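The next block holds one structure in the form of structure tokens; read it before the comments.
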Amino acid sequence: MRAWAVVENGKPLQEIELPTPEPKGTEVLLETTHCGVCHSDLHIWEGYYDIGGGQRMSMRDRGMVLPLAMGHEIVGRVVKLGPEAVGVTVGDLRIVYPWVGCGHCAACTSDEDNMCLNPRSLGVYQNGGYGTHVVAPHPRHLINPGTLDPAVAATYACSGITVFSAIRKVMPIAPEEAIVLVGAGGLGLNAIAILKALNHRNIIIVDVSAEKRDAALKAGATKAVDGSGEDVAKRIMEAAGGPVLAVIDLVNGTATARFSFGALRKGGKLVQVGLFGGELMLPLPIMAMRALTVQGSYVGTVKDLRELVALAQAGDLQPLPVTTIAQSRADEALMRLRDGKVTGRIVLRAEAA
Ligand SMILES: [Zn+2]
Ligand SMILES: [Zn+2]
């Protein structure tokens with residue numbers, strides 16, 4: 001197999017040859033057809049996350065091994081089944097759930113693999129969709145995209161379930177009640193589409209880019225707030241007609257966390273999703289007196305992915321704008337994302353697809 005791999009952190013991806021894996025046990029080998037380029041790929045490529053206070057969380061310390069074919073928004077065609085794999089057939093097109101774990105703990109066996117304490121995520125700790133082939137550990141990680149555009153369906157595996165899972169954490173909430181989304185990139189546009197599919201009617205988007213705010217309004221956001229400069233919390237509250245019950249921070253850096261927290265009303269919840277980096281000081285008496293919640297949310301479960309795909313198949317979910325580019329140009333795609341030149345999502349398309 002070929003892969004466009006991280007050979008050295010922060011250096012251009014290199015095209016390399018790797019042995020094509022032989023599926024064992026319940027494993028399923030797929031030929032990648034599509035793979036989304038996610039913002040977290042940039043962190044994996046750099047090799048660390050900024051966790052605030054000048055601290056870095058190293059991906060190598062967490063078990064990442066180079067060379068690595070990144071890519072965790074994968075759609076592929078089944079090419080070979082391990083001796084114990086059942087439920088799929090050679091030729092089937094499937095979305096690959098990438099947030100896999102050890103495979104036998106309570107989290108993994110209840111389809112909540114993303115909460116496993118020993119993550120083995122595809123594209124992070126094992127090769128992912130920046131290669132021509134990928135191994136799914138178990139057929140239950142494979143979801144049929146049906147008639148969905150596979151380039152769009154690929155994005156549900158990370159971008160889609162990440163926002164779906166975060167939205168679930170602020171639900172139930174009345175459809176007229178404001179839900180604030182911070183960040184109008186791929187995640188923000190996906191969140192708008194999902195909220196609309198769930199019949200939510202009051203969506204406020206916050207972004208520093210006028211172009212991205214426009215894209216969000218076109219996608220169905222009710223109002224847009226400029227996220228730059230001072231007084232962002234005040235502008236959010238003005239747009240919402242008062243402090244808000246729910247903010248989903250898809251950027252989650254020091255500045256966005258601060259204004260998101262500042263816009264909350266009594267009983268409000270801030271769900272932190274982005275991995276931008278930084279820290280948030282919490283005024284403890286206010287946390288208690290206003291009964292506030294700050295909750296992290298990391299990707300989503302296999303169940304989230306199944307439900308999201310069902311929602312999309314029902315026809316209510318507006319597909320987010322995707323741009324496809326040849327898989328062999330993975331490095332260029334990654335650099336475009338780094339330079340902030342992407343509205344929606346870039347999806348790598350394999351030559352064979
Ligand atoms: Zn991702
Ligand atoms: Zn596990």
Side-chain angles (χ1 to χ4, degrees), residues 6 25-27 32 34-49 57 59 62-64 68-75 95-131 134 136-138 140-141 143 151-167 183 185-191 194 248-252 272-277 296-305 308 320 322 330 333-334 336-338 342 344-348:
V6 183
T26 60
E27 291 175 351
T32 309
H34 296 80
C35 183
V37 180
C38 176
H39 194 87
S40 65
D41 289 341
L42 284 171
H43 295 287
I44 299 163
W45 169 70
E46 284 170 333
Y48 64 89
Y49 284 95
M57 180 186 91
M59 292 303 296
R62 289 175 57 95
M64 187 180 89
L68 171 76
M70 303 192 295
H72 50 259
E73 291 187 342
I74 311 160
V75 168
I95 307 166
V96 184
Y97 176 82
W99 310 110
V100 300
C102 70
H104 26 258
C105 71
C108 287
T109 52
S110 55
D111 274 349
E112 293 183 356
D113 316 51
N114 60 312
M115 300 310 285
C116 178
L117 299 181
N118 293 297
R120 311 234 329 112
S121 313
L122 306 182
V124 185
Y125 302 109
Q126 309 187 60
N127 287 323
Y130 287 31
V134 68
H138 196 281
R140 70 183 180 81
H141 296 121
I143 288 137
V152 173
T155 67
Y156 294 149
C158 176
S159 166
I161 57 171
T162 294
V163 291
F164 191 57
S165 179
I167 287 167
L187 289 183
L189 295 179
N190 243 347
I194 293 169
I248 300 174
D249 188 354
L250 302 165
V251 179
N252 197 24
Q272 301 182 313
V273 178
L275 299 167
F276 188 84
S297 187
Y298 181 63
V299 298
T301 65
V302 185
K303 287 179 274 190
D304 289 331
L305 185 53
L308 182 59
L320 88 165
V322 294
L334 195 65
R336 271 166 63 180
L337 186 64
R338 180 191 62 177
V342 181
R345 206 60 153 180
I346 303 190
V347 176
L348 306 178

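Remember, it's 1-based here, ligands and their atoms both numbered in the order they're listed. Predicted, not measured: the structure shown is a model, and the values here were computed from it. The figures that follow rest on heavy atoms only: side chains count, while hydrogens, waters and symmetry mates do not.
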For Arg140, does the CZ atom have more than 12 heavy-atom neighbours from other residues, nucleotides or ligands under 6.0 Å away? yes

Given side chains that start at C-beta, do those of Leu275 and His39 come closer than 4.5 Å, heavy atoms only?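 Leu275 vs His39: side chains apart.
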
Are side-chain heavy atoms of Trp99 and Cys158 found at a separation under 4.5 Å?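 Sidechains of Cys158 and Trp99: in contact.
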
Whether Cys158 has an N, O or S atom under 2.8 Å from the Zn ion (ligand 1): yes

Between Asp113 (side chain only) and Gly101 (backbone N and O only), is there a donor and an acceptor less than 3.5 Å apart? no

Return yes when at least one N/O/S atom of Cys102 is nearer than 2.8 Å to the Zn ion (ligand 2), and no when none is. yes

Metal-centred angle, the Zn ion (ligand 2) as apex - SG of Cys105, SG of Cys116, 10° resolution: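 Reported to 10°, the angle equals 110°.
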
